[in-house]
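Chain letters run A, B, ... following the sequence lines, proteins first and then strands; every chain starts at 1.
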Protein chains: 2
Amino acid sequence: MAATETLTAERILEATEEVLRRHGPAKATVVDVARALGVSHGSVYRHFRTKAALREAVTKRWLDRTSEALDGIAGDASRDAETRLRDWLAALFTAKRRKAGDDPELFATYSVLAGEQVGAVAEHIDELTEQLTRIVADGVASGLFRSDDPGVSARAVFQATGRFHDPVHAGEWDTPEADADFEAAVSLLLRGLRA
Amino acid sequence: MAATETLTAERILEATEEVLRRHGPAKATVVDVARALGVSHGSVYRHFRTKAALREAVTKRWLDRTSEALDGIAGDASRDAETRLRDWLAALFTAKRRKAGDDPELFATYSVLAGEQVGAVAEHIDELTEQLTRIVADGVASGLFRSDDPGVSARAVFQATGRFHDPVHAGEWDTPEADADFEAAVSLLLRGLRA
DNA sequence: CGAATGACAGATTTCAATATCTGTCATTCC
DNA sequence: GGAATGACAGATATTGAAATCTGTCATTCG
């Protein structure tokens with residue numbers, strides 16, 4: 001049974017996710033996590049120096065799931081840059097919207113965590129912008145796009161579409177205009193990128 | 001002296017702004033406003049049916065100041081659409097950034113009010129989008145821009161530049177990259193609009 | 001000996017009593 | 001008579017004492 005297994009960082013992270021899901025970000029305590037694992041809270045502190053470190057690790061895990069899913073689209077050299085850019089942005093929007101819609105409380109929980117872990121979020125955004133940069137650079141290389149600096153253009157595209165992926169705008173994702181707005185934004189940006 | 005003047009909605013709004021500036025949005029009460037005016041709070045309720053109505057009136061006033069300042073740029077037919085669009089967006093960003101930087105507490109206060117008065121904010125955004133639509137439509141008429149629907153394009157431009165005018169992003173307005181990011185965003189959007 | 005425990009101090013949160021506020025309205029004032 | 005008042009009921013906010021939590025560490029356990 002669980003109590004006899006070795007206490008690993010991984011098991012603690014799983015328990016923490018569960019406690020966060022149950023109690024929400026404000027009420028989830030280290031004592032709760034220890035209780036869920038059937039150990040003393042001192043044992044948890046052996047693996048994570050502080051509560052903040054534990055929360056950061058959980059947040060990174062969550063962010064990494066999004067990055068990995070999109071990496072496949074960014075790296076798919078078999079399709080042209082415009083299609084990939086459209087798909088990548090659509091996949092990001094769809095994934096975020098689905099998460100926010102399916103389990104609003106868990107999404108709100110992770111939004112709070114993201115607000116605390118500014119550093120981890122910045123890294124995550126850098127990763128995503130990297131992926132976008134690859135797409136734009138490929139587009140420039142193939143003559144489809146024109147850009148003085150693919151990194152700068154990618155950053156501009158990411159920021160300009162913030163309304164469709166930044167959690168602070170989650171409330172506007174299920175309005176009737178959301179899809180039309182997304183389409184208009186992507187089309188305008190693509191026109192700006194085309195050679 | 002003030003106590004002998006007639007109690008008007010206008011005087012109440014002025015006093016409310018002052019109370020909000022002093023106490024912040026959470027602690028500003030109708031009783032405070034009445035005290036500042038030297039009247040009973042019952043008298044304030046003669047002019048505003050509820051505390052929410054009073055706050056809404058103050059918020060509208062504040063939002064209208066921004067709209068008016070930008071209307072001049074949008075309507076200046078003596079300059080080409082591209083210049084006007086650049087200037088309009090830059091003026092909006094500059095005005096917001098200045099307000100947020102000069103008096104962060106007052107800006108935060110009004111941000112909270114805006115969060116409460118969703119309807120008033122929606123109207124304000126409609127006004128601004130109207131102004132943008134006029135610029136885009138002029139650009140299309142003069143052959144400088146291309147757009148199937150200036151209203152849709154204007155909406156896309158406004159949303160894409162949200163990071164530079166939406167108060168939820170105020171924290172990013174004084175980073176070293178802000179100006180470069182703004183420049184990149186506007187350039188990309190203008191390339192997308194040009195015929 | 002390394003992993004786990006639980007008692008502890010100081011920080012933070014909870015909760016219930018207390019105070020203040022919102023909105024109404026019968027009465028007063030000019 | 002129309003504008004202003006202030007007492008009032010119910011809703012909301014404040015406060016401070018009690019409970020819980022975070023992070024440490026001397027001690028126990030296997």
Can you tell me the distance, in whole Å, between the [atom1] atom of [X] and the [atom2] atom of [N]?
X: A:Arg35; N: C:dT5; atom1: CZ; atom2: C1'; value: 16 Å
X: B:Leu54; N: C:dC21; atom1: CG; atom2: P; value: 15 Å
X: B:His23; N: C:dT20; atom1: NE2; atom2: C1'; value: 13 Å
X: B:Lys51; N: D:dA11; atom1: NZ; atom2: C1'; value: 12 Å
X: A:Tyr45; N: D:dC25; atom1: OH; atom2: P; value: 14 Å
X: B:Asp32; N: D:dA13; atom1: CG; atom2: C1'; value: 13 Å
X: B:Phe48; N: C:dT22; atom1: CZ; atom2: P; value: 15 Å

Pair of N/O donor and acceptor under 3.5 Å linking D:dG6 base with B:His41 side chain: no
Geometric class of the A:Trp62/A:Tyr110 ring pair [parallel <30°, tilted 30-60°, perpendicular >60°]: parallel
Mutual orientation of the aromatic rings belonging to B:His165 and B:Phe158 [parallel < 30°, tilted 30-60°, perpendicular > 60°]: parallel
Under 4.0 angstrom between A:Ser40 side-chain N/O and C:dT5 OP1 or OP2: yes
Pairwise 5' ranking along DNA chain D for A:Ala28 and A:Arg46, keeping only the more 5' one: A:Ala28
B:Glu116 atom CD, over 12 foreign heavy atoms within 6.0 Å: yes
Candidate nucleotides [options], ranked by approach to the side chain of [X] - the nearest:
X: A:Val31; options: C:dT22, D:dC21, C:dT5; value: D:dC21
X: B:Lys27; options: C:dG6, D:dT14, C:dC21; value: D:dT14
X: B:Thr29; options: D:dA4, D:dC21, C:dC21; value: C:dC21

Side-chain (A:Ser142) to main-chain (A:Gly139) donor-acceptor, under 3.5 angstrom: yes
Pairwise side-chain contact, B:Arg194 with A:Arg191, heavy-atom cut-off 4.5 Å (strictly under): no
Comparing B:Arg49 and A:His47 on DNA chain C - which has the more 5′ nearest nucleotide: A:His47
